[in-house]
Amino acid sequence: MISKCRKYFAGSGLGPTLLRAAFGSMGLRIAGMGFAFLVGVQLARGLGAQGYGIYGVAMSITALLAVPTEFGLPQLVTREVAAANTRSEWGRLKGIVQWASRTSFLVFAVVAVGVLVWLYLSNIAIDSELALTVLAGLTMIPLVALGKIKGATLRGLHHIVKGQLPDILVRPLAFSAFLLVATGLVTRMTPSMAMILGSAGSGVALLVASFMLRKSLPRQVATASVASSSPDWWSAAFPMALSEGMRVLQSHVVILLLAAIAAMSAVGAYRVATSVALIVSVPVTMLSVVCAPVISSLFAGGDNARLQRLLRAIAAGMSLGALLVALPFFVAGDWLIGWVFGAEYLAAVPALQIICLGIVVSGACGAGAALLNMTGNHKHVTKASGISLALLCVTAPVLISYCGILGAAVASASAQIVWSIIMWLDARRVIGLDSSVLSLMFVKS
């Protein structure tokens with residue numbers, strides 16, 4: 001599959017720079033995912049199911065609070081910096097970076113005050129472990145947001161791999177190192193302590209991003225007068241923030257519902273299931289990322305026959321790859337989870353298997369999201385995200401109430417499958433191309 005994508009890159013005239021960026025990004029994401037998985041194992045073993053559940057709930061709350069702080073700014077910064085750099089508009093480049101950083105920090109200040117008021121008025125004791133962990137997570141939000149803005153600036157300057165390095169690789173690597181040191185120094189790890197170490201890892205990533213950006217900025221930026229267009233930037237950031245908010249909410253709403261309806265230990269087990277499921281989804285994610293520029297190029301060139309063949313190959317690779325990675329967890333899931341995470345997380349195995357089925361079915365639908373996004377039909381992706389999120393919010397509370405962690409897994413897998421099917425059908429209707437494995441049997445090209 002990789003060699004096929006490499007051939008399409010060359011045939012499309014996208015050049016060695018884009019090729020290096022695509023495969024460099026793929027390698028970076030695989031390495032970062034490996035360290036993130038290692039962090040999950042360290043936390044699961046160090047905190048136990050109850051503590052890992054508390055940490056998981058606090059992380060979900062932190063992730064949702066980060067949405068208004070980031071407010072679609074990284075995507076906007078990448079776009080504006082790339083345009084300003086191309087036109088040599090150094091004042092505008094300087095202005096968007098400063099405006100985004102200032103806006104992010106001001107929004108965070110409002111969010112932080114809101115959280116303090118919420119903790120004061122809610123039934124959560126301010127000295128409880130959950131409250132302490134949420135408060136510790138507040139320190140992570142501006143560090144991550146500012147780091148992402150600096151990484152987005154690097155990507156806008158065409159340092160694609162370098163712009164992803166701090167957030168994807170440095171942050172989990174530093175977090176894992178801090179956890180390793182702390183495990184040898186303290187007798188018992190607590191969720192709030194783990195969150196503080198996570199914030200420290202985010203701080204290291206921000207320092208690395210700042211250093212790389214300082215080395216990469218054009219010299220003219222330092223002496224340029226700031227040019228601002230904040231009303232336009234606000235209006236452009238809002239739809240990006242809306243899409244990102246739906247994505248983050250869909251990722252964390254099940255965790256929050258489990259915490260409200262079931263036990264914290266169930267949250268810990270479910271986090272183990274989802275962390276392993278990320279490994280299973282690697283073939284789906286990587287093929288979508290690597291071949292997205294090829295889809296755009298072939299569509300722009302009107303070469304729908306080659307594009308249909310590429311979509312067919314991607315769907316086959318996604319579904320078969322996900323199935324092969326998931327297979328060990330169907331055959332020996334109890335042994336694998338018990339050996340890696342510990343026996344107290346065996347409740348995660350059935351939930352993991354259900355989520356894996358959802359990933360395989362989603363992979364069989366192919367690169368529908370990439371196809372729609374790369375052909376200017378991104379509104380259909382937003383629509384599909386909204387429908388699947390609504391389905392998740394309706395079904396998850398009922399299923400969790402009756403089936404606990406299994407219900408959470410069914411709701412999550414169902415929402416993912418519906419999301420993929422909607423985009424597959426929309427792509428067939430709007431573009432006339434079949435992104436699914438069914439094209440192997442029914443589509444001639």
Side-chain angles (χ1 to χ4, degrees), residues 1-12 14 18-19 21-23 25-26 29-30 33 243 246-247 250 277-326 356-385 387-388 413 415-443 445:
M1 172 57 63
I2 290 178
S3 62
K4 181 165 289 194
C5 285
R6 191 183 293 269
K7 178 185 74 174
Y8 278 117
F9 268 116
S12 302
L14 298 177
L18 182 55
L19 189 63
F23 287 97
S25 298
M26 182 176 68
R29 285 179 179 272
I30 291 174
M33 195 173 296
S243 297
M246 286 195 295
R247 185 192 66 81
Q250 185 157 347
L278 286 176
I279 305 297
V280 177
S281 67
V282 165
V284 177
T285 305
M286 291 300 101
L287 286 173
S288 180
V289 169
V290 169
C291 290
V294 189
I295 292 173
S296 177
S297 178
L298 292 177
F299 182 79
D303 196 348
N304 283 359
R306 289 181 68 196
L307 179 52
Q308 181 61 71
R309 291 197 296 272
L310 176 63
L311 292 170
R312 181 184 302 162
I314 292 172
M318 283 180 171
S319 53
L320 182 59
L323 183 60
L324 290 176
V325 179
C356 286
L357 283 175
I359 294 171
V360 172
V361 174
S362 181
C365 292
L371 178 59
L372 290 167
N373 279 326
M374 293 299 104
T375 56
N377 294 287
H378 49 276
K379 290 183 179 179
H380 293 281
V381 179
T382 303
K383 181 196 74 174
S385 299
I387 293 173
S388 63
Q416 181 176 15
I417 291 171
V418 167
W419 180 72
S420 300
I421 290 176
I422 290 174
M423 289 187 296
W424 162 52
L425 294 175
D426 280 349
R428 288 186 61 184
R429 178 176 55 84
V430 176
I431 307 173
L433 295 171
D434 192 331
S435 65
S436 75
V437 292
L438 294 178
S439 61
L440 290 166
M441 297 177 286
F442 301 117
V443 176
S445 60

L287 side, atom CG; L310 side, atom CG - distance, nearest 0.5 Å: 9.5 Å

Shortest non-hydrogen contact between I279 and V325, atoms and distance: O-CG1, 3.8 Å

Side chain to side chain contact (heavy atoms under 4.5 Å, CB included) between R428 and L433, worked out: CA-CA 5 Å; R428 288 186 61 184; L433 295 171; over 6 Å; no

Pairwise side-chain contact, F299 with N304, heavy-atom cut-off 4.5 Å (strictly under): yes

Main-chain N/O of L278 paired to S281 side chain as donor or acceptor, under 3.5 Å: yes

Residue pair A427 / L371: nearest heavy atoms and the distance that separates them: CB-CD2, 3.7 Å

Shortest non-hydrogen contact from G366 toward M318: C-SD, 3.7 Å

Polar side chain donor-acceptor pair, S436 to W424, under 3.5 angstrom: yes

Pairwise distance CE(M423) to CD1(I387) - rounded to 0.5 angstrom: 11.0 Å

Student check: side-chain heavy atoms of L323 and V280 closer than 4.5 Å: no

Over all atoms of both residues, closest heavy-atom pair of A322 and I359: CB-CG2, 4.1 Å

Short side-chain donor-acceptor distance under 3.5 Å, Q250 and S388: yes

Smallest separation among heavy atoms of Q416 and G358, with atom names: OE1-C, 4.0 Å

Check: D434 main-chain N/O paired with Q308 side-chain donor or acceptor under 3.5 Å: yes

S319 (side chain) donor-acceptor with A315 (main chain) under 3.5 angstrom: yes

Heavy-atom pair with the smallest gap, counting every atom of P283 and G321: CG-C, 3.6 Å

Main-chain N/O of C365 paired with S435 side-chain donor or acceptor, under 3.5 Å: yes

Neighbour count >12 (heavy atoms, 6.0 Å) for atom NZ, K383: yes

Flag side-chain contact, heavy atom, 4.5 Å: I431 against L372: yes

